[in-house]
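For reference, the structure is listed below as structure tokens.
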Amino acid sequence: MSTQSNSLEKQVGWNREEMAKRAALDIHDGAYVNLGIGIPEKVVQYVPEGREVIYHTENGLLGMGEAPAPGEEDSELINAGKKMVTAIPGAAYFHHADSFAMIRGGHIDICVLGAMQVAENGDLANWSTGAKDAIPAVGGAMDLVAGVKTIYIITQHCTKAGEPKLVESCSYPLTGQKVVKRIYTDLAVIDISTDGFKLIELAPGIDFDTVRDQTGARLIDGRT
Amino acid sequence: MSTQSNSLEKQVGWNREEMAKRAALDIHDGAYVNLGIGIPEKVVQYVPEGREVIYHTENGLLGMGEAPAPGEEDSELINAGKKMVTAIPGAAYFHHADSFAMIRGGHIDICVLGAMQVAENGDLANWSTGAKDAIPAVGGAMDLVAGVKTIYIITQHCTKAGEPKLVESCSYPLTGQKVVKRIYTDLAVIDISTDGFKLIELAPGIDFDTVRDQTGARLIDGRT
Amino acid sequence: MIDKRFDSPAEVVADICDGATIMIGGFGEAGSPIELIHALIDLGAKNLTVVNNNTGSGHVGLAALIENRQVSKMICSFPRTANSTVFPDLYQVGEIELELVPQGTLAERIRAGGAGVPAFYTATSVGTELAEGKEIRNFEGRDYVLEYGLKSDFALIKCEQADRYGNLIYNKTARNFSPIMAMAAETTIAQAGACVEAGELDPEVIITPGLFVNRIVTVADPARESRLVAEGRRYP
Amino acid sequence: MIDKRFDSPAEVVADICDGATIMIGGFGEAGSPIELIHALIDLGAKNLTVVNNNTGSGHVGLAALIENRQVSKMICSFPRTANSTVFPDLYQVGEIELELVPQGTLAERIRAGGAGVPAFYTATSVGTELAEGKEIRNFEGRDYVLEYGLKSDFALIKCEQADRYGNLIYNKTARNFSPIMAMAAETTIAQAGACVEAGELDPEVIITPGLFVNRIVTVADPARESRLVAEGRRYP
């Protein structure tokens, strides 16, 4: 099934940009936000006009701005993905312990991350495949999910091999337990509820049964 | 017995200034030093020429300078005793957790404090008489004795009532256990050794027996 | 647009309820947010637990808040200072509770509260009566006592300058507890000597980044506690 | 007179012995003290335990130190990054040890080491394999894991400016781990873009007060790791 929109066909599902755009709708005015590497980084482009959002990067900057203009790059002004960025007027620099005090102390409102698997109880696996020969690398993922008030996930609904990423329980090593609040996939927006996965919204051209069939655990229809 | 020097009599013992002066001889060049309220504050006046010493005050200043000139006072530049002070060129301000990280993390070389009692094992009592009706107040004393590398005490050898302040074990509530290294009294300089109180130096006009008689525990003669 | 600036001390403290825990910045008068404290006296919230290094002096500021019988418990390291009679008098007749905490432990507990650390071990107070009843644990041959992170509903602090995001800078030793209290409070309220435009504060020198601060009110010419005390003033 | 300035990177690292634990500042190349690392390669001390967020890239700086077989163990949060092959290759053949620590736990452990805190509790990693074998404790209904303070024999860091007392300021996100590593090391060695006279740095903006710093060497025009990597350079 193609999830790419195509001007010649009826749109089916959301592409990466649209997933980021949908997630951006849930970033409230005045939010302090940390965005993971990959699709989550795109969220910044789609926050609705009129909302002022402050971006935190765990390597010591609150008030991260856009990518620098050519010629304005500074190799000592980077984000957690080690890309060069800028600082907005009103930004602040701080050291790593202070930066993670923001995260671990519950001072960041929203973190948007990618996922390998999300379990119906909100468990998240996004740092390791657990493969014996892999080089383990965790970065700040476990700190973010343990400390940030609200964790949003943007992910394809299934792996490239077609396996569900929304599962009863994660088979990959966990990043955190019961941490995810909402998931934005190419097919739908799904909340973690006390009853498990709860569908909130369908992507264009997608019906409930399609999402249910591609979800590895019970899916409740929460559309009102 | 008078411990005041007097130009008409032969000097007997050290006065407050002389105790501070003797302690100052043991402040090494380049030392980071925290001085308690009272006689310890006087040490700063007597550090030998040619030694550069940096003074820390636990309310957030490294590089404390002298009292301000009249008209230069700033009520937001004070020391731990809440007296107005100055900052030397090369000073730094920081918040309370960072300031006590310096103390508790073992980064201050020397702290000079007063005492109610010192026990022969180095226990110190200097914050409370334990009286039922007293308002307890500890300030930073317990942090200083637990964290600073070397604790020096300046104190009268006996109380005004003539009771020894150097004792077998403290009857007053402890500030810290086994923390004192050296004591400067009006009569002598005494180290805490593995064998207990060890006399290092006598004040002018004082003999060993006099010190021993006024000490509430065994006194070893450690003069070489 | 994010704009944390308010017009008056009365507005920024208006939702402080009876029973709240409030951290108040300052070491003696340096850094004491006296106009915010006076607004809290005007408000009248009662049964407060207050965290401050001291208990105020004279009959203004924190001492006046205590004298007005709004504080049921103080958490502090040094409750008696020069010109401090209000707290001692109430304490001796058993009308106010005291949790005495070594100053460094107090600072570290506040920072821990702000940094998501529920508890930590420290050597301070081991073997003293302030460690009685607390868990002692040995690490590498030395004993340490378990202390708990401290959080609060509100922090009232004073700073030198602020911008609309809540970024703060302080003045000299008036900084003291304020940056860590701003971290540990659910709602942090700052009185600022001046408010400047976003971007005017150098991002390298901001001491309290704005995400720790919720409300700012400009008090351009704050009262000086020691002067009020010397003049024998009382609040209200 | 206190003067912590030295003339060359070789001098300031000369007493680093085999088996030392060394914290190295930097997040990727930002803040990496590349000239000090290269001096350590010239020195040749072996069997080192190195604390850094990453493991270097290309064949210069930290990667070169590892490639030169001077490091027996890395303590870090993210040992593989773009252009990072040296550590992964040695790790996969079992020739270097790895202690993987979540980035925030790493930062907090370093700060704790510097602040006299032997151990603390954190929610990070609870329920994951990185908490396996560690003490779990419940505070107010939530589980936390016990983590230990981390100290080192040396810290090698990079800063923007220093004075003779060792007061330091940093540049933007090159600050990262350096201020806390300066606290946690027995001997802290800083390479500074410039040395200024005592008093030239505003006491309000000093990030690392001098008592945390032991030695300073000016490296006015430090190499940029990413450029060296792009050029395919190797050290030595």
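No experiment lies behind these values; they were computed from the predicted model shown. Naming convention: chains lettered A, B, ... in sequence-line order (proteins, then strands); numbering from 1 in each chain. Below, all heavy atoms of this structure are taken into account, side chains as well, without hydrogens, waters or symmetry copies.
Residue contact with chain A, scored on non-hydrogen atoms closer than 4.5 Å, is absent for Glu132(D). Looking at Thr57(A), neither its backbone nor its side chain comes within 4.5 Å of chain D, counting heavy atoms on both sides. Looking at Ala134(A), the atoms closer than 4.5 Å to chain D (heavy atoms on both sides) all sit in the backbone: N, CA, C or O. Heavy atoms of Ser226(D) lying under 4.5 Å from chain A are absent altogether. Using a 4.5 Å cut-off between heavy atoms, Ser99(A) does not touch chain D at all. Asp143(D) does not touch chain A: none of its heavy atoms, backbone or side chain, sits under 4.5 Å away. The contact between Phe100(A) and chain D is made entirely by side chain atoms (from C-beta outward), counting heavy-atom distances below 4.5 Å. Proximity to chain D (any heavy atom under 4.5 Å) is restricted, for Asp74(A), to the side chain, taken from C-beta onward. Only the side chain of Tyr91(D) has a heavy atom closer than 4.5 Å to any heavy atom of chain A. Proximity to chain A is limited to the side chain of Leu98(D), based on heavy atoms less than 4.5 angstrom apart. Ile103(A) does not touch chain D: none of its heavy atoms, backbone or side chain, sits under 4.5 Å away.
A distance-only check finds no donor-acceptor pair linking the side chain of Arg175(D) to the backbone of Gly60(A) [under 3.5 Å]. No donor-acceptor pair closer than 3.5 Å links the side chain of Thr124(D) to the backbone N or O of Ala146(A).
Listed here is the closest heavy atom pair of Val138(A) and Leu130(D): CG1-CD1, 4.0 Å. When all heavy atoms are compared, the tightest approach of Ala30(D) to Ser75(A) is CB-O, 3.8 Å. Arg80(D) and Trp127(A) get closest at one heavy-atom pair: NH2-O, 4.3 Å. In this structure, Pro102(D) and Met142(A) approach most closely via the heavy-atom pair CG-SD, 4.0 Å.
Of the residues Arg224(D), Lys172(D), Lys158(D), the one that meets the salt bridge (Lys or Arg N to Asp or Glu O under 4.0 Å) test with Glu76(A) is Lys158(D).
In terms of non-hydrogen atom pairs under 4.5 Å with chain A, the most contact-rich of Glu108(D), Glu225(D), Glu129(D) is Glu129(D).
Aromatic rings from Tyr170(D) and His95(A) are positioned such that their centres are separated by 6.0 Å or more.
Aromatic ring orientation, His96(A) versus Phe27(D): tilted (interplanar angle from 30° to 60°).
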Next item on the list: Starting from the C-alpha separation in whole Å, work towards a yes-or-no answer on side chain to side chain contact (heavy atoms under 4.5 Å, CB included) for Ile207(D) and Tyr93(A).
Entry: CA-CA 11 Å; Ile207(D) 302 302; Tyr93(A) 298 109; over 6 Å; no
Checklist line | Worked verdict on Thr105(D) versus Arg104(A) for side chain to side chain contact (heavy atoms under 4.5 Å, CB included) | finding: CA-CA 9 Å; Thr105(D) 296; Arg104(A) 294 151 64 106; 2.9 Å; yes
